[in-house]
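Below is one structure, written out as structure tokens, with a few remarks after it.
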2 protein chains.
Amino acid sequence: MNRATGAVKGKRVVMVCGVPMDMANCPVRDVMDNIGGKWNSLMILSLADGPLRFSELRRLIPDISQRMLTQTLRDLQRDGYLSRTVYPTQPPSVEYALTELGRSFLVPLKLFVDWSLQNHDAIRKARAEYDAVA
Amino acid sequence: MNRATGAVKGKRVVMVCGVPMDMANCPVRDVMDNIGGKWNSLMILSLADGPLRFSELRRLIPDISQRMLTQTLRDLQRDGYLSRTVYPTQPPSVEYALTELGRSFLVPLKLFVDWSLQNHDAIRKARAEYDAVA
DNA sequence: TGCTGTGGTTACGGAAAGGGTACCGCCATG
DNA sequence: CATGGCGGTACCCTTTCCGTAACCACAGCA
């Protein structure tokens, strides 16, 4: 395999692990930007067990502000991770649920969560050692 | 399972998927901050096939600035994902390699990359539909 | 007559991330 | 002598993220 920079139709393409990565339109970075926000992945995990209403989410995650809750839900809805259903009750209730896409994302997300829990101590240790030397 | 907010020793703890999440010291968010940067995960992937030197990485990822390359490598080294070895040649050459921790992270990372590649079209489609309605 | 809950939107501002440019010492090459 | 590669550092700027606070309509309840 040639691990060098390639040029395909004028695009900047990087070969990584044998897979061409289009830097100008990178799917991985696109997804990472979506779920890399402060609350996005936690929101998906919170909805893993079933739909929840706006105020239920607010009580479930007390640290999030109303503004960020709205924005996070909008972003995830926009990218297709979850659906928003309004029930015309009085007062109107809004239910958020994972879509098929959102549920499929739980697989890599949970693996990532497990890795984080297992290796967090090692990371903190490495960080402390690095800071001690510097 | 009780999906409610709990209070353990004054810490803010959220139950999610049956796992208690300490919001003030969350391992997942800590790891996410590390590898959620613009270049961090690409850097780890670039080193998956073997060690590379500073200038090799610069040529491999042409879009990164020298400043960001240095900063990304420092961050990943600090958290223990990669090692930095200086060879006293003339001029001195510096080699970056994944540590055991870094290699173990390739497992969830590659799953995430695969998911992104598979579902990027669905996300773009959902986004376009959302924007069309709004 | 206020107060609470539901589901938000908007304005404002600080902090952090990201990036451009210039510059450094050292050495080899032309 | 000048240029280029190596592996960075310092300074400054722009953009994005995120939080606080205020405000909205509507209904129920005291």
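To find a chain, count down the sequence lines: A is the first, B the second, and so on, and within it residues start at 1. Just the heavy atoms: all of them, side chains too, but no hydrogens, waters or symmetry mates, feed the values below.
If B:K38 and A:P92 are placed on DNA chain C by their nearest nucleotide, the residue sitting closer to the 5' end is A:P92. Across the interface with DNA chain D, nearest-nucleotide mapping of A:P91 and A:G37 shows A:G37 to be the residue nearer the 5′ end. Both A:N40 and B:T70 sit near DNA chain D, but only B:T70 has its closest nucleotide nearer the 5' end.
Closest to the side chain of B:M68, from the set C:dG18, C:dG7, D:dC6, is C:dG18. Comparing atom distances between the B:R53 side chain and each of D:dG7, C:dG8, D:dG8 picks out D:dG7 as nearest. Here D:dG7 is the nucleotide among C:dG8, C:dT6, D:dG7 with the atom lying nearest to any side-chain atom of B:Q66. Of the listed nucleotides (C:dG5, D:dG7, D:dT9), D:dG7 has the atom at the smallest distance from the side chain of B:R84. Comparing D:dG8, C:dG7, D:dC6 against the side chain of B:V94 picks out D:dG8 as the nearest. In this structure, the nucleotide among D:dG8, C:dG7, C:dG19 sitting nearest to the side chain of A:S55 is C:dG7. With distances taken from any side-chain atom of B:R59 to the nucleotides C:dG8, D:dC6, D:dC18, the minimum falls on D:dC6. Taking every side-chain heavy atom of A:Y96 into account, C:dG8 is the closest of C:dG8, D:dA27, C:dT6.
When the C1' atom of D:dC6 is taken as reference, atom CG of B:L52 falls 16 Å away, rounded to whole Å. As a whole-Å value, the separation of A:Q90 CD from C:dG5 P is 17 Å. If you measure from atom CG of A:D75 to atom C1' of D:dC17, you get 11 Å, rounded to the nearest angstrom. For the pair B:Q71 CD and C:dA16 P, the interatomic distance rounds to 14 Å; values are reported in whole Å. Rounded to whole Å, the distance from CZ on A:R74 to C1' on C:dG8 is 8 Å. What separates CG of B:L69 from C1' of C:dG19 is a distance of 13 Å, to the nearest Å. We find that CZ of B:R29 is positioned 9 Å from P of D:dC18, with the value rounded to whole Å. When the C1' atom of C:dT6 is taken as reference, atom CD of A:E95 falls 15 Å away, rounded to whole Å.
Side chain of B:R58 to backbone of B:Q66: no donor-acceptor contact under 3.5 angstrom is found. Of the possible polar contacts, one joining the A:R103 side chain to the A:L98 backbone as a donor-acceptor pair under 3.5 Å is found.
Relative orientation of the B:F54 and B:Y96 rings is tilted, given thresholds of 30° and 60° on the angle between their planes.
The shortest non-hydrogen separation linking A:V113 to B:V28 is CG1-CG2, 3.9 Å.
For B:R67, no side-chain nitrogen or oxygen approaches OP1 or OP2 of D:dC13 to under 4.0 Å. Note on B:W39: every side-chain N or O is 4.0 Å or more away from OP1 and OP2 of C:dA17.
Scanning atom types as modelled, no donor and acceptor separated by under 3.5 angstrom connect the side chain of B:R58 and the base of D:dG7.
When ring centroids are compared, B:F112 and A:F112 stay outside the 6.0 Å threshold.
You'll find the side chain of B:K38 stays beyond 4.5 Å of the side chain of B:I64, heavy atoms only.
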